[in-house]
Each structure stands twice: as structure tokens, then as C-alpha cells.
2 protein chains.
Amino acid sequence: MSSDASPAPAKTPVTLREVAASAGVSVATASKALNGQGRMTAETRERIRETAQRLGFRPNSLAQSLLRRRSFTVGLLTNDTYGRFSLPLMSGVSDALVDAGVSVFLCNVEDDMRLAQLHVEAMLDKRVDGIIATGKRIDRHLPVDLANLRIPVIYAFTQPDPDAVGFESDDAGGARLAVEHFCRLGRKRIAHVTGPASFAVVHERARAYREVLAEHGLPVAEPLLGAWSEAWGHEAVGKLFDRRAGRAEAPDAVFCGNDQIARGVIDALRERGIGVPDDVGVIGFDNWEIVAEATRPPLTSVDMNLSALGREAGLALLSLVGGQAAAPGIRKLPCRLVVRQSCGRPPDG
Amino acid sequence: MSSDASPAPAKTPVTLREVAASAGVSVATASKALNGQGRMTAETRERIRETAQRLGFRPNSLAQSLLRRRSFTVGLLTNDTYGRFSLPLMSGVSDALVDAGVSVFLCNVEDDMRLAQLHVEAMLDKRVDGIIATGKRIDRHLPVDLANLRIPVIYAFTQPDPDAVGFESDDAGGARLAVEHFCRLGRKRIAHVTGPASFAVVHERARAYREVLAEHGLPVAEPLLGAWSEAWGHEAVGKLFDRRAGRAEAPDAVFCGNDQIARGVIDALRERGIGVPDDVGVIGFDNWEIVAEATRPPLTSVDMNLSALGREAGLALLSLVGGQAAAPGIRKLPCRLVVRQSCGRPPDG
DNA sequence: CTCCTCTGAGAAAACCTTTTCCCAAATCGC
DNA sequence: GCGATTTGGGAAAAGGTTTTCTCAGAGGAG
């Protein structure tokens, strides 16, 4: 009556008890055998292992979690509906966690407070080990308070709570990369067209922009603030090139606050017969590949390394969950310049 | 020594046992009181409820799941890295499930078989109640076999296994919507520029395109197959307009396989001085808002209602998990035409 | 007053795994 | 050959909840 011969096409998952019975040992021994704990003869251990293997035993994660008081799940909370920023970040988080056996609940809460509350409670009920909060942009708070949650919370690419740990891209550094690249290429009159004043990053980047120009002794034009849209990029070209028509001071480079703006700028330049990159170089921000690569010419852009940011956030959360303390504060991760063809070649190249 | 007065700033979550102790009843009674089961005086029930409320009791979902053999989680498997299709779908799924207390594990498996296997096993170990498989496009299989999984699987916007249930958008219907819209507007020479022949939807849509034209007695031009890119749209305009330069038979409408192609088409037309929508109407596919709205003029496009598709998939999975049987096969959900300004107004408007 | 039926509530098993403690047998030292 | 130690393995508790029994007492019928 032994079930040893059956190839285990069981309807219900096989439990440790069944493995133990089949191997003729107690569940305790079976557990220890499979986890490398306890003491027993090598043959016993091996026999149990084989039995488990043969039966297709997989420990019930729920039971483990209940006992260990760790669910090996984390929640990722976002309000970025289209996932343009969230998904690469999620990818990094997941990448950092999958090897530790941790899965990720993704919750898109839009800007709906009720929904956010609902999702957070669902995650808490499911005993997530921690939460990563992220958002469209690093300025607006998520519509829910995560400050007193009894579980670790990491903020990534969104405004952190005062005493929490957050990861952000080094936007100032990214701006430096862009402007310095222009300088290296010999561009002299570098303009900056960016998003609305309500975003902190707009000011951070603008400051870096001014600093680099000053360091190189180049004239600083006041950054043009507008929207994060192609239309604004288009319009900005009018402001940059019309009012000084014929003058020699028209920009020979434009550093844009995102790729959509850059796209609008490039289109507008082409319409005016201004060559990119020959007459004017353009650099974007975000490195949204699907846009940057479709631009003509393909757009050089600052990449925020969101995936790496996600990885860091995931690892940080993991160590927090593991009991390590972490100093609160914001860690900035470097950006990277992805050079395509919208800036021209270096003079020496 | 009663803890009744403490406002429960406990470090550890409060358990049913504590609620029961505080209310002076057994855990069994407490459980029944909170779940509306069993028989007891109304006062007892109310007293227990209040105690639970006061202590901030939330049942441990892990323990419940272990007992009920249902985890109230599902897995969403995708290989759409940028989430352009997955995220709206995920949004719909989540929307359908959140009210049932079900959370969603999102797993991006790229096209990495090992990763897919890893994630599926992690989800199985966590005893997800079911899996929804989705993908970039409805043609390529996910790099993992979900056929014999012992839990329900629903395919959404991706090629289903033979005996599974799948949800897809009605691409032929969507194409009809677009072409019929052109017909209503009095366009006579309607071209079709679309993606590569390797996609089934390309042929489905092309067939619908031909049918509608035939129904209206209009000439059918052979669809132009290429890539899903702006560059291809750009190039296609050359093919459509160059070789018949001067002839009266140049198209007065172009139905495009996606919004990026449409974008390329519109840009190319503008460069040739051909007016949109005055000379040529353009309709895209996907209704990728961030692209469609930035196009000049804003692009009329077919929306696949991915969010609704996700909802349906979520509900279907829920009923499968609940034990309802479902006939295998593919259900097609209707598309919807989002009219913007790239087609012009109806003659009577 | 006795017997029976409700009523309200508790004890305990079940879900599945891990871990601590314990015990019997075997081995060792002398 | 006897006590002490090691070895191999089991029993049981724990984790938090739900559910099925069970049971004591109260109330009603006769």
C-alpha cells in the first residue's frame, strides 16, 4: 500500500507529512533533512531528499511565513499609471529580490486616497515584509501616510517622509553630464528648456546648468520653464530663436528637461531649417528609449538608471527587513549620459 | 492588569487571541463574532467587535490562507518590459480584484526562460490562487509553460494555450471602426500602413480593412507591411506618395497599425506639405495617449480598452478560482475609436 | 418535578512547517 | 563491564485563524 511508485499527479500539493510518510520518517526529520538542519545519517538525509524530489514536494510558503513571521513579499506602491518610471524601477526591485525568494505586489493607486488606503491595508493584512513607495515624479507625495507602519518603508523616486530612507537620481549630476558634454563638444551658447517651477528637480538641474556654464566661462541664459510636453519644447524654440533672429547669439545647444521637450525642440528646429546636430545640439532627459530612438536624429539623453535605483531600493529594503538599521535620508544615485546623434561628434573625433 | 486601557501602540500585530482575552471570551467565540458566524447574544458579539476595533485587530491573512487553502493573491506574468500594454491591463485586473481582497504579484520575465521559471515557482510556492499571463503583443508565447499548473490560468492579450481561456481585443472590429470612420467622412482612397507579417493581428486588421472598403465599393490598396516604428511610417509615406506623384490616386486617408507609425506618417506628410487632416486623414492604433496627444494634429486612434480587458480577465479568473467552470477559448472585447483631430470633421458636421 | 430541547459559548482539531527539547541506542573511556 | 557521552531521530509546541463538536445551563412541555 506504499505510494512510493506513484508519479504524484496529485490534485493537491504534496505536503511534508506525505514526504515523511513515504520516506518512513517523522515530519520533524523530514524538515530537517530538507533544510540541512539537525543530525542524521547521510543516507537518511539523501533518501528523504530523493523522496521529496520524486513527489515534487514544495514547502508551503504560507506555513513557513506564518511561523517565521516573514512573508517574503513586499509591496510596491506607485501612482504612475503609465508605468513609464515605475516599470523600470519595478524591474530593478524585482531583480534584487527574486533571488531572495521575495515577490512583489504592485499596487497602482493613481491619486485616489481611498484606493491607496485599501491597497495598503490589503498589503498589511498579507503581512508584507516591507513597502517601497514610488511615484511619477519625485515631488508629489503619495496619497497615503506610510510613516507609522511597523514595517520598513523605502522611498524610491518620490518624496520621502522625514525620517525615512529614500533613493533618488542625482538630477544635478545628470544635468552636469549633459552640459559638460556640450562644453566638450565646443558648444558656446547653451540654452535650457525644462518643466514647471513646481518641481524641485527643475531647480536642481537649473542650478547645475548654471554652475557648469560659469565654470566654463560661458554665458548663462535664464532657463525656460514650461511643461513636460512636446508642445512646450516646440514653443520654446520660438522664444529662443525668434526674438534674436539674425543675431549671432542664438543658442547652439539646448539641454531639455525631458525627452518629450527635446523632441518638440528638434521638430521645431527642423521646421525652421536649423540643422541638428550641425547647427544646434540637443540633449534630453529620462532616456525614454522609445522616444529617444525615434527622434530624428536619435536623441542623446540623460538616463536616470531607474532600474539600478530599483535594485538599490530593493536591497536596502531587504537589509532593513533583515534587521539592519539604516540611516534615514536621501541617497542620490548617479545618472548616465546615453550618447546618440543629436549632439554631433567631438571636435577631435 | 487588563490591557483594556492601552491604545495599542503594540510593536507586534494584535492577534485574535489577544482580542478574545481582552473581551473575556475564547478565541473561537471571538472568531465567530467577527465573522458573523455561530450563535451568541447580540451584546457579546458587539462587545467583541468593539474590542477588536479598539485594539486595531486585523486578521492575519497568512493564517487564514493556510486554513482556507486560498491565498487571495494572483500572479500577473508579463514580458512587456516597458509596461505600455501591461500596466493598463494590470490596472484593470487590480481594479477587478481589489474589492475581493485579492492582491496581484507582478512579474516581468522579459524573455528569459530561467527568470520566468523562477517567478512561476515563487508564485506557486506562495500559493497564488491563479495566474494571468499577458505579453507585449498577442503573438509570442511567454517563455514558460503554464498548461498543467493545478491552478487556473487566464491569458490576456497574449497567445493562449489550446485549452485555456483567453481575452483579446477585437482587432478586426477596431480596424472596421477606423476604416468606417474614414468612409463616413467621405474619404475615398484609404491606405493601410501596418506592422510585420509575423503578427497575426496584422492580417486580421488587414482583412477587416479590405472588407470594409469592399462593402463601400472603394478601391483596396495592398496594405504596406513593415515595422511597428515611426521610421517605418515615415518611409511608407514615400512609397504611398512618391511613386504616384501627380496622380490623382494618392491616398486621402491612412489607417496605421499603431500610433508610432501614424506619428511617422503625419510627420512625413507635413514635410511634404501635405495637410493633415485637410488633404489626408490619419488614424492610429493603440491610443497611446502620450503619443496620440502630442502628435500635431492630435491623433485619432483605436483604443483596445486594455483596462477593461484586464477587468474581464480578473473577473474571469476570480470565478475560475471560485470553482465555476469556464469554456476554453478566446473572447474578443470590442475596441473603441478615440476621435481627435487627425481626420477632419464629418461633412455634415 | 422530570425530561427534552434550545442557547450560548468553549475545547480542540485542522492548515503546514520549523525548532526546541528529549529519549533511546550506540559508542567511548577506563 | 560500567558510567558517560555522542548519535540519530521523534514528540510536541508554535504560528493565527476557522470550524466542528461538545457541553453546561436555561427554558419549556408534560
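The chains referred to below are lettered A, B, ... by the order of the sequence lines, with proteins before strands, and numbering in each begins at 1.
A/Thr44 comes within 4.0 angstrom of the backbone, heavy atoms only, and of no base. Within 4.0 Å of A/Ser31, counting heavy atoms only, lies at least one base atom of the nucleic acid.
Considering only side-chain N and O atoms, A/Ser26 lies under 4.0 angstrom from the phosphate OP1 or OP2 of D/dG10. Under 4.0 angstrom from either OP1 or OP2 of C/dC15 there lies no side-chain N or O belonging to A/Asn60. Taking side-chain N and O atoms only, B/Arg39 has no distance below 4.0 Å to OP1 or OP2 of C/dG8. Between B/Thr15 and D/dG16 there is no side-chain N or O to OP1 or OP2 distance below 4.0 Å. Listed pair B/Ser65 / D/dT17 fails the phosphate criterion, with no side-chain N or O lying under 4.0 Å from OP1 or OP2.
Between A/Leu34 atom CG and C/dT19 atom C1' the separation is 15 Å, expressed in whole Å. The distance from atom CD1 of A/Ile48 to atom P of C/dT17 is 14 Å, rounded to the nearest whole Å. Rounded to whole angstrom, the span from the CZ atom of B/Phe57 across to the P atom of D/dT18 amounts to 7 Å. Rounding to whole angstrom units, NZ of residue B/Lys126 and P of C/dT17 are separated by 15 Å. Per the geometry, CZ belonging to A/Phe72 stands 18 Å off P belonging to D/dG15, to the nearest Å. Whole-Å rounding puts the B/Leu62 CG to C/dT18 C1' distance at 15 Å. Spacing between atom CG of B/Leu16 and atom P of C/dA9 amounts to 15 Å, rounded to whole angstrom units. Atom-to-atom, CZ of B/Arg58 to P of D/dT17 comes out at 12 Å; the value is rounded to the nearest Å.
Along DNA chain C, the nucleotide closest to A/Pro59 and the one closest to B/Thr41 are compared, and the more 5′ of them pairs with B/Thr41.
Between A/Arg58 and B/Glu121, some side-chain heavy-atom pair lies under the 4.5 Å cut-off.
Residue A/Lys32 places a side-chain atom within donor-acceptor reach of the base of D/dG10, judged by atom type and a 3.5 Å distance cut-off alone.
Checked by atom type and distance alone, the side chain of A/Asn108 pairs as donor or acceptor with a backbone atom of A/Glu110 at under 3.5 Å. Between the side chain of B/Asp129 and the main chain of B/Arg70, no donor-acceptor pair closer than 3.5 Å is present.
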Discussion item. Evaluate B/Thr78 against B/Ser86 for side chain to side chain donor-acceptor pair (under 3.5 Å), listing each step before the verdict.
Written reply: CA-CA 7 Å; B/Thr78 175; B/Ser86 289; 2.6 Å; yes
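If you check D/dG16, D/dA12, C/dT17 against the side chain of A/Leu66, the one that comes closest is D/dG16. Residue B/Val25 places its side chain closer to C/dG10 than to any other of C/dG8, C/dG10, D/dG8. Distance from the side chain of A/Gln64 is smallest for C/dT18 among the nucleotides D/dT19, C/dT18, C/dG8. The side chain of B/Gln37 sits closest to D/dT19 out of C/dT19, D/dT19, D/dA14.
A pairwise comparison of heavy atoms in B/Val109 and B/Ala116 identifies CG1-CA, 3.6 Å as the closest pair. The two residues A/Ser22 and A/Leu55 have their closest heavy-atom pair at CB-CD2, 4.1 Å.
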